[in-house]
Amino acid sequence: MTAGESWVKNLVTGGSGFLGSHLVEALVARGENVRALVRPTSNMTHLKSLGVELAYGDLNDAQSLKTALQGMERIYHCAALVSDWGTWEGFRGANVTGVRNLLEAALEAAVSKFIHVSSTDVYGYPDCPVDETAPYGARGWPYGDTKMEAERLVLACYQQHDLPATIVRPATIYGPRSPTLVLQIVELLKRGSMVHIGRGDKPAGLTYVSNVVDVLLRAAGSERSVGQAYNASDGSDVTWRQYVDRLVEIVGVPGPRVVIPYRLAYLAGWAMEKIYGALRIEARPLLTRTAVALFGTNQGFPITKARRELGYEPEVDFEEGMRRVEAWLRRTGCV
């Protein structure tokens, strides 16, 4: 970071969330000016402890976005509906309409950089390593497909209106405060409900949260990143079985005994989705096709481009990442 960057004014959407809160911490540590866009119902305890400015608003409230962006120079858009289950209306509202509103506000505010957090889900789970030149892979699943739509909006805003935008596509983010890949799996292990999809030998695409933050910060400070998309991961071949086995050690319970073949799990996920949809059940099914694809296909997307163009090198490897996860779980009384 240059001396001038210490005065950069940043708006972080989703600042109370998992990735967003870690990004806010990093920006504060760099001495940058941070404003977090939050809903009035968000848990803001951590953000308040960091002393950042809070802007109350919503991605679907255009006026609140204009107000939040006043005086801001960079936007880190971390907010999104991230789930393997929900209504198309909900996903489109958060991940498409919300992005459109934020882009319009960013253009009006003439920001110097718009960093959009996307996902490797836009590749459609091809079960093989693909780089940023790969086409989108629509699967008809709400999360991945709406993230594709959001990327198209960001790129169109760059191409048609010269908005300095960069897209970052994290793979499987884990770390302290992760509600899904740490806390949910820990709870499943405690209940004896965790299963393996297939042999569990596919690369999980693990991405320690501070490594993702590093990519975001490097992209924000790089002129070369404008108009570009970057995969973000730890660059490791750690498998889902290795990850779950390490959590088993931390929790101190027996590991998953049930192994469901991929095709059978996918069929079961499809059937459960149909049943839950027909009965209008809002609760998440035990299995979904998205979850099966995540755990049963290769998530090892290459980070060559980020290394080459941003100078990115993952600082936290799997062993260190899991040590930090264990320390957090024990400190918070989760294990």
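Here, residue 1 is the first one in the sequence, and each next residue gets the next number. Only a predicted model underlies this, so the values are computations on that prediction, with no experimental measurement involved.
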Using a strict threshold of under 4.0 Å (side-chain N to carboxylate O), is an ion pair present between [Y] and [X]?
X	Y	result
Glu132	Arg169	no
Arg284	Asp84	yes
Glu149	Arg152	no
Arg323	Glu326	no

Is there side-chain contact between [X] and [Y], with at least one heavy-atom pair below 4.5 Å?
X	Y	answer
Thr290	Tyr143	no
Val213	Leu19	yes
His196	Val244	yes
Leu59	Thr97	no

I'd like to know if the side chain of [X] and the backbone of [Y] have a donor-acceptor N/O pair within less than 3.5 Å.
X	Y	result
Asp237	Pro203	no
Ser42	Val38	no
Thr13	Leu11	no
Arg35	Lys9	no
Arg241	Arg199	yes
Ser225	Gly221	no
Asn10	Val8	yes
Ser64	Asp58	yes
Thr172	Ala204	yes
Arg330	Ile250	yes

More than 12 heavy atoms of other residues, nucleotides or ligands under 6.0 Å from [atom1] of [X]: yes or no?
X	atom1	value
Glu315	CD	no
Arg257	CZ	no
Arg39	CZ	no
Arg263	CZ	no
Lys274	NZ	no

When you compare the side chains of [X] and [Y], does any donor N or O come within less than 3.5 Å of an acceptor on the partner?
X	Y	answer
Asp234	Asn211	yes
Asn231	Tyr123	yes
Glu151	Ser118	yes
Thr297	Asp127	no
Thr239	Gln242	yes
Ser21	Arg177	yes

With rounding to the nearest 0.5 Å, note down the distance linking [atom1] in [X] to [atom2] in [Y].
X	Y	atom1	atom2	answer
Glu108	Leu103	CD	CG	13.0 Å
Met148	Arg139	CE	CZ	9.0 Å
His116	Leu155	NE2	CG	9.0 Å
Leu27	His22	CG	NE2	13.0 Å
Met44	Ser49	CE	OG	12.5 Å
Tyr136	Asp121	OH	CG	13.0 Å

task = May I ask you to check whether Tyr243 and Tyr174 place their ring centres under 6.0 Å from each other?
result =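 Close enough - the centres of the two rings lie under 6.0 Å apart.
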
request  = Hey, can you tell me if Tyr266 and Trp141 have their rings parallel, tilted or perpendicular (30° and 60° cut-offs)?
outcome  =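 Plane angle between 30° and 60°, so tilted.
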
request  = Anything under 30° is parallel, anything over 60° is perpendicular, the rest tilted; go ahead and classify Tyr276 against Trp85.
outcome  =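 Answer is perpendicular, since the angle exceeds 60°.
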
For residues [X] and [Y], report the shortest heavy-atom separation together with the two atoms involved.
X	Y	value
Lys113	Ser222	NZ-O, 2.8 Å
Val154	Ala165	CG1-CB, 3.7 Å
Leu81	Ala94	CB-CB, 3.8 Å
Ala219	Thr166	CB-CG2, 3.9 Å
Ile197	Ala265	CD1-CB, 3.9 Å
Phe91	Ser83	CZ-O, 3.6 Å

message = Could you list the cluster mates of Leu267? Members are the ILVMFWY residues connected by side-chain heavy atoms closer than 4.5 Å, either directly or through other members.
response =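 Members alongside Leu267: Trp270.
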
task = Evaluate the side-chain contact (heavy atoms from CB on, under 4.5 Å) criterion for residues Val316 and Arg324: first the C-alpha distance (whole Å), next the side-chain angles of each, then the deciding distance (0.1 Å), finally the verdict.
result = CA-CA 10 Å; Val316 180; Arg324 295 183 186 185; 3.5 Å; yes

query = Out of curiosity, does Leu217 fall in the hydrophobic cluster containing Val117 (side-chain heavy atoms, cut-off under 4.5 Å, transitive links)?
reply =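 Shared cluster, yes.
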
